[in-house]
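For reference, the structure is listed below as structure tokens.
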Amino acid sequence: MLRGTEKGAHDESFIPKGRMHTQPQNIEPAPGQIWSLKPHLAGWGPGAAYFNPPLVLILSVFFEPIQAVRVAQVFHESELAGPGDVQLSSRQGLAQAWNVYTLAVDDLDSCREIIPNDRLKAAVAQAGHPHPDPEPYSVLQAFRELELKTGHIMATRSLFSALALGNETEKPRAQADLLASLDPNSLRTHIQNTHPEIKLPSGQDLSPHALLGLAQWTNLPLAAADEEEITANYVWFDPDNEMHIAPAQAVITIMDISEQGLFIAGRLKDFEGQPEVLHAWWVQDLSPHAADATSIVPEGTYFQVTFSRLISADHTQGKLKILIVGRWGIEQE
């Protein structure tokens with residue numbers, strides 16, 4: 001039986017007693033350590049499922065804009081191994097190098113064990129390569145979907161609470177300010193002349209952000225082939241402060257509507273830019289609603305969007321539009 005979304009699926013009760021030991025807790029997080037996560041990350045998620053924090057293997061540590069760790073999720077049952085899994089030991093289970101995400105260091109609870117260096121190198125190497133999908137409708141595919149969902153929820157709950165604290169004193173972003181300073185009418189003319197394949201929204205009172213965020217690429221394959229994937233717009237400035245725009249793919253991992261509004265979280269796919277800020281709109285009946293809160297995490301991997309004024313909205317009838325503004329990070333062909 002798969003228990004990935006049941007209470008206790010990643011509890012320590014599923015690890016044989018005496019199989020893992022606790023390290024002294026003055027230890028600094030470092031690659032090669034297996035950690036538990038703090039209990040406050042547990043809670044109800046999409047589909048009325050309860051998610052418990054898993055064990056994770058630290059692959060790397062970084063410090064800007066917050067202190068965080070890149071981790072591979074750990075699972076105890078080796079029988080569910082597949083492409084991209086790294087066997088640690090019979091007692092430690094599998095490092096899921098296909099299920100890698102970022103967490104705030106403050107959400108690490110206790111260090112349970114340190115793995116051998118050769119196992120760490122194997123996990124890091126596997127994390128840097130694509131892995132074939134499991135056979136459709138197989139037990140492995142169902143299990144991996146649950147594990148990925150667990151990882152996405154842990155990452156969004158951890159990182160966005162940490163970034164919210166950091167954003168309180170965050171200085172204005174240079175590239176976002178540069179975009180805001182552009183004249184919308186001149187920007188519209190520039191895009192029409194340089195990118196005729198882009199359909200710009202109507203209306204003359206749009207800000208530069210809304211003008212670019214609501215723009216649509218007419219020469220791209222329809223993203224509807226995968227209901228969880230959308231095309232975002234990425235705007236960046238080169239060293240000469242010249243503006244560029246390109247499409248970027250975003251995968252929606254969580255979409256939940258409650259009394260707090262519409263909450264969306266996801267990740268950017270194969271993204272090569274250096275993002276600074278993210279803007280978002282919910283377009284319904286041709287009317288765009290600007291997001292009330294947005295965040296994008298280090299490395300441009302995960303994002304979060306909240307529409308608190310769409311409490312009664314039928315979100316199946318609308319669509320999300322995203323604009324990412326950042327620094328030069330994509331080479332022109």
Side-chain angles (χ1 to χ4, degrees), residues 3-45 49-64 66-78 80 85-124 126-127 146-166 297-298 301-302:
R3 299 171 294 191
T5 56
E6 292 183 0
K7 182 176 176 63
H10 286 281
D11 280 355
E12 294 175 35
S13 59
F14 288 90
I15 301 173
K17 298 298 183 182
R19 291 295 183 90
M20 303 188 80
H21 62 277
T22 301
Q23 298 289 336
Q25 289 313 295
N26 59 355
I27 187 171
E28 290 291 327
Q33 300 167 351
I34 295 176
W35 284 73
S36 62
L37 304 180
K38 290 185 178 177
H40 74 85
L41 293 179
W44 295 100
Y50 193 93
F51 292 84
N52 275 290
L55 295 176
V56 295
L57 169 67
I58 296 179
L59 301 180
S60 60
V61 181
F62 55 94
F63 301 91
E64 295 292 341
I66 60 170
Q67 188 175 7
V69 288
R70 194 75 170 154
V71 302
Q73 200 158 287
V74 173
F75 193 73
H76 59 283
E77 293 185 9
S78 299
L80 287 169
D85 283 312
V86 174
Q87 180 70 57
L88 301 178
S89 72
S90 58
R91 69 174 184 273
Q92 296 166 341
L94 304 168
Q96 299 174 342
W98 50 270
N99 188 12
V100 174
Y101 47 93
T102 304
L103 298 168
V105 163
D106 287 345
D107 286 319
L108 298 177
D109 192 21
S110 61
C111 180
R112 300 308 180 85
E113 197 155 346
I114 300 174
I115 68 170
N117 194 49
D118 67 318
R119 296 293 81 200
L120 172 61
K121 288 183 177 179
V124 171
Q126 286 289 327
L146 296 179
E147 291 293 281
L148 284 170
K149 187 176 292 186
T150 298
H152 289 314
I153 288 176
M154 295 302 113
T156 52
R157 288 177 179 172
S158 172
L159 285 169
F160 295 126
S161 60
L163 284 172
L165 295 175
V297 306
T301 304
Y302 295 97

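Quick caveat: nothing in here was measured; it's all calculated off a predicted structure.
- Q33 places a side-chain N or O within donor-acceptor distance of the main-chain N or O of E28, the cut-off being under 3.5 Å.
- Across L41 and P53, no two heavy atoms sit closer than the pair CB-CG, 4.0 Å.
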Does L59 form a side-chain contact (heavy atoms from CB on, under 4.5 Å) with V69? I'd like the steps, not just the answer.
CA-CA 7 Å; L59 301 180; V69 288; over 6 Å; no

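- The two residues N52 and A42 come nearest to each other via the heavy atoms OD1-CB, 4.1 Å.
- Side-chain contact between V105 and W35: absent, with no pair of heavy atoms (C-beta onward) separated by less than 4.5 Å.
- When side chains are defined from C-beta on, D109 does not count as touching L37, because their heavy atoms never get closer than 4.5 Å.
- The side-chain contact (heavy atoms from CB on, under 4.5 Å) search around A104 returns I66, D107, S158, A162, not counting sequence neighbours.
- A side-chain donor from one of W98 and D85 sits under 3.5 Å from a side-chain acceptor of the other.
- By the side-chain contact (heavy atoms from CB on, under 4.5 Å) test, P116 pairs with D118, R119, sequence neighbours left out.
- The NZ atom of K38 lies 12.0 Å from the CG atom of L103; values are rounded to the nearest 0.5 Å.
- With sequence neighbours excluded, the residues satisfying side chain to side chain donor-acceptor pair (under 3.5 Å) with N99 are Q96.
- To the nearest 0.5 Å, the span separating CZ on F75 from CG on L94 amounts to 8.5 Å.
- One distance of note links CD of Q73 with OH of Y101; it measures 3.5 Å at 0.5 Å rounding.
- Closest of all the heavy-atom pairs between H152 and Y302 is ND1-CE2, 3.6 Å.
- A distance of 5.5 Å separates CD1 in I34 from CG in L88, rounded to the nearest 0.5 Å.
- Remark: Q126 pairs with V86, A97, H131 by the side-chain contact (heavy atoms from CB on, under 4.5 Å) rule, at least two apart or across chains.
- Summarising the geometry of L57 relative to A95, their closest heavy-atom pair is CD2-CB, 3.9 Å, with the distance given to 0.1 Å.
- Not counting sequence neighbours, the partners of K121 by the side-chain contact (heavy atoms from CB on, under 4.5 Å) test are N117.
- Looking at heavy atoms from C-beta onward, R70 lies out of side-chain contact with I58 at the 4.5 angstrom threshold.
- Residue R157 comes nearest to F51 through the heavy atom pair NH1-O, 4.5 Å, listed as atom of the first residue, atom of the second, then distance.
- In this structure, V61 and P29 approach most closely via the heavy-atom pair CG2-O, 3.8 Å.
- With a 4.5 Å cut-off on side-chain heavy atoms, Q92 and V74 do not count as touching.
- One finds the NE2 atom of H76 at 13.5 Å from the OG atom of S90 (value rounded to the nearest 0.5 Å).
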